[in-house]
Each structure stands twice: as C-alpha cells, then as structure tokens.
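Below, chains carry the letters A, B, ... as their sequence lines are ordered, and counting in each starts from 1.
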Protein chains: 2
Amino acid sequence: MSKQAELPLLDQTAVCCAPMVREPLGEADAAELARMFKALSDPIRLRLLSLIASHEGGEACVCDLTGRFDVSQPTISHHLKVLRDAGLVDSERRGTWVYYRVRPAALARLAAPLLTPA
Amino acid sequence: MSKQAELPLLDQTAVCCAPMVREPLGEADAAELARMFKALSDPIRLRLLSLIASHEGGEACVCDLTGRFDVSQPTISHHLKVLRDAGLVDSERRGTWVYYRVRPAALARLAAPLLTPA
DNA sequence: TCCTTGCATCGATAACTGTCGATGCAGTCG
DNA sequence: CGACTGCATCGACAGTTATCGATGCAAGGA
C-alpha cells in the first residue's frame with residue numbers, strides 16, 4: 001500500500017511558486033496538474049478528502065467513510081484508490097483497519113497555480 | 001456568449017473561507033467544486049487557462065490559442081466552452097475576434113478549500 | 001454582392017469513468 | 001483450525017468525454 005511515485009517528479013519550484021498567471025504552463029506540468037485535478041473532479045472524492053482532512057487526528061479509517069455515502073463499499077474503495085494514485089492521500093494498514101491521511105503538500109501544489117498574484 | 005449562471009449560486013462564505021480541513025464539505029458545495037475541478041482536469045484546458053491568464057492585457061483571442069496545440073480548432077473551441085461553462089473564463093466578441101479572459105474569483109474559490117490552515 | 005476569415009456547432013466514434021455485485025485476501029477472535 | 005470482519009480487486013455495463021471532419025454563421029474586405 002501507500003503507492004508513491006505514481007506521478008513523475010516535477011520541478012517543485014516551477015509548479016509551486018509560479019502562478020500560471022505569470023507564465024504559461026509547460027506540457028509536463030500541465031499533464032501532472034491535470035491528473036491531480038482530475039482526482040478532485042468528483043463530488044464523492046471531494047467529500048472523502050474533506051472527511052479525511054477534518055477527521056480527528058487528521059486521519060480516518062475506511063470504516064469511518066463507508067456508509068456516509070449512497071454508493072457501495074467497492075465504489076468508495078475505488079475513489080480512495082484514485083485519490084491515492086494522484087498522490088493526494090496516503091494509506092496505512094494498522095491491524096484490521098486501513099487509515100487514510102491527506103498529503104498537505106499535494107494540496108498546496110494544486111492551490112499554488114490558482115492564486116493570482118497581487 | 002458569456003454564459004453566466006450555469007452553476008447554481010453558492011454560499012460564498014461557506015466555500016470561500018472554510019478550508020475543508022476544518023469541516024466536511026456539504027453535498028451541494030462538493031458538487032459545484034467538482035464541476036469546476038473537472039474543467040481543470042485536462043492538460044489542454046490547463047494550458048489554455050494559463051495562456052489566457054498570462055497573455056498581455058489578461059486576455060487572449062482564440063486565434064492566439066489555436067495553433068499552439070496538436071489538436072484541431074473545433075477541439076480548442078470545445079475546451080474553451082468547457083472552461084466557460086464552468087465559470088472559469090469569460091468571452092467577449094469584438095469585431096472579428098472573440099477574446100477570453102480569466103475570472104480570478106473563480107480560481108480563488110477553487111484554491112480556498114485546498115489551503116491548509118496554519 | 002460575393003468571398004474570405006475567425007470561431008462555434010453538429011454528428012460520429014473510440015476511449016475513459018463511475019457504479020455495481022461477486023469474489024478474494026488479510027487480520028482477528030473463538 | 002474455522003468463522004467473521006474490513007477492505008481491495010475483478011468483470012461487466014451504462015454514461016460521459018475528447019477528438020475529428022464537415023458545416024454553419026457572423027464580420028469584414030474586395
């Protein structure tokens with residue numbers, strides 16, 4: 001579990017600190033950002049992410065998440081996998097349960113290009 | 001042109017100022033945010049947005065955009081429509097050309113929930 | 001008026017996505 | 001060991017999306 005390195009590495013400074021208002025996105029940056037935004041392009045995934053982030057301790061086990069939605073457990077599992085593959089969350093098994101936790105750096109990477117410089 | 005009101009109105013303060021780390025997203029908020037993120041989930045649309053935003057005057061006509069990509073003109077037109085329907089850009093016809101311009105408030109609305117509070 | 005240019009729309013098609021029930025697998029508890 | 005629970009994976013199916021060429025339409029110039 002905890003698949004990292006699903007996305008190619010990026011020049012952190014390029015994506016992180018240069019709002020796209022200043023200079024056009026390169027093809028590679030656009031491709032990676034698009035992959036991450038795509039993970040956020042579903043209402044259930046957004047709610048999952050916010051449930052995880054706002055849960056006490058900053059983490060939530062799948063059992064806390066399933067049942068809060070009108071979709072089946074395999075569907076929740078699928079959405080969690082999409083979030084994980086996009087690098088937005090991490091998962092860790094502890095005993096019977098699997099805990100998910102948000103990766104704040106990933107969110108920051110997405111927010112950065114959206115912020116218009118003053 | 002310039003279709004507004006494609007998205008239902010939202011409580012501005014709820015979406016805008018409450019990072020989802022604090023409290024879980026409501027269903028309606030999640031649905032609208034997902035629609036906007038979906039518009040950003042394509043590399044071509046991200047590059048289009050950054051080209052428009054970084055273009056001099058903060059606006060670009062379609063003729064500045066077509067030809068910078070390996071896809072046909074109708075495809076570019078389609079992607080611009082997606083961005084417009086999501087409320088991320090505005091378009092205006094002036095004479096022969098149609099100019100697109102980013103709506104900074106929309107970008108800010110997307111960035112807000114991603115920012116983790118200190 | 002007719003032709004040209006800039007852009008949008010249409011219809012078709014291949015690829016992708018969300019969802020489900022069924023199933024598999026790992027860990028826990030008798 | 002055997003049963004049960006929590007979660008992931010599989011295979012199938014319906015709905016959506018990205019793309020294209022063809023076409024339409026508006027504005028400007030000859």
Undergrad: Mind calculating the distance between CG (A:D85) and P (C:dT17) to the nearest angstrom?
TA: 11 Å

Undergrad: Who passes side-chain contact (heavy atoms from CB on, under 4.5 Å) against B:V62, sequence neighbours left out?
TA: B:T66, B:L80, B:V98, B:Y100

Undergrad: So what does B:H78 hit on the nucleic acid, given a heavy-atom distance under 4.0 Å: a base, only sugar-phosphate, or nothing?
TA: base

Undergrad: With a non-hydrogen cut-off below 4.0 angstrom, is A:I44 in contact with a base, only sugar-phosphate, or nothing?
TA: sugar-phosphate

Undergrad: With respect to the phosphate group of D:dT16, does any side-chain polar atom (N or O) of B:K38 fall under 4.0 Å of OP1 or OP2?
TA: no

Undergrad: From C-beta outward on B:C63, which listed nucleotide comes closest to its side chain: C:dC20, D:dC7, C:dG6?
TA: C:dG6

Undergrad: In whole angstroms, how far is the P atom of C:dG18 from the CZ atom of A:R47?
TA: 15 Å

Undergrad: How close or far is atom P of D:dC7 from atom CG of A:L83, stated in whole angstroms?
TA: 16 Å

Undergrad: Could you give the CZ-to-C1' distance, from A:R94 to C:dT28, as a whole number of Å?
TA: 17 Å

Undergrad: In residues 67-74 of chain A, what residues come within less than 4.0 Å of DNA chain C, judged by heavy atoms?
TA: A:D70, A:V71, A:S72, A:P74

Undergrad: Round to the nearest Å and state the distance from A:D42 atom CG to C:dG18 atom P.
TA: 5 Å

Undergrad: Does a salt bridge link B:D90 with B:R103, judged by any charged N lying under 4.0 Å from a carboxylate O?
TA: yes

Undergrad: Choosing from C:dG6, D:dA8, C:dG27, which nucleotide comes nearest the side chain of A:R93?
TA: C:dG27

Undergrad: What is the separation between atom CD1 on A:I52 and atom C1' on D:dC7, rounded to the nearest whole Å?
TA: 14 Å

Undergrad: Return the set of residues passing side-chain contact (heavy atoms from CB on, under 4.5 Å) with A:S72 (not counting sequence neighbours), or none when no residue passes.
TA: A:P74, A:T75

Undergrad: Looking only at side-chain N and O atoms, does A:Y100 come under 4.0 Å of OP1 or OP2 in D:dA8?
TA: yes

Undergrad: Considering residues at least two apart in sequence or located in another chain, which fulfil the side-chain contact (heavy atoms from CB on, under 4.5 Å) criterion with A:A111?
TA: B:A111, B:L114, B:L115

Undergrad: Got a sec, which hydrophobics cluster with A:Y99, joining ILVMFWY side chains under 4.5 Å apart, including via others?
TA: A:W97

Undergrad: Got a donor-acceptor contact below 3.5 angstrom from the B:R93 side chain to the B:G95 backbone?
TA: yes

Undergrad: What is the separation between atom CD1 on B:I76 and atom C1' on D:dA18, rounded to the nearest whole Å?
TA: 12 Å

Undergrad: Within the structure shown, what part of the strands sits under 4.0 Å from A:R45 by heavy-atom distance: base, sugar-phosphate, or nothing?
TA: sugar-phosphate

Undergrad: Indicate every side-chain donor-acceptor pair of residues 40-47 of chain A with a distance under 3.5 Å to a residue at least two apart or in another chain.
TA:
{"from": "A:S41", "atom 1": "OG", "to": "A:K38", "atom 2": "O", "distance (Å)": "2.6"}
{"from": "A:D42", "atom 1": "OD1", "to": "A:I44", "atom 2": "N", "distance (Å)": "2.8"}
{"from": "A:D42", "atom 1": "OD1", "to": "A:R45", "atom 2": "N", "distance (Å)": "3.3"}
{"from": "A:R45", "atom 1": "NE", "to": "A:A39", "atom 2": "O", "distance (Å)": "2.7"}
{"from": "A:R45", "atom 1": "NH1", "to": "A:H79", "atom 2": "ND1", "distance (Å)": "3.0"}
{"from": "A:R45", "atom 1": "NH2", "to": "A:K38", "atom 2": "O", "distance (Å)": "3.2"}

Undergrad: I need the NE2-P distance between B:H79 and D:dC20, as an integer number of Å.
TA: 8 Å

Undergrad: Answer with base, sugar-phosphate or nothing: what part of the nucleic acid does A:T96 contact at a heavy-atom distance below 4.0 Å?
TA: sugar-phosphate

Undergrad: Please figure out whether A:G95 or B:D64 has its closest DNA chain C nucleotide nearer the 5' end.
TA: B:D64

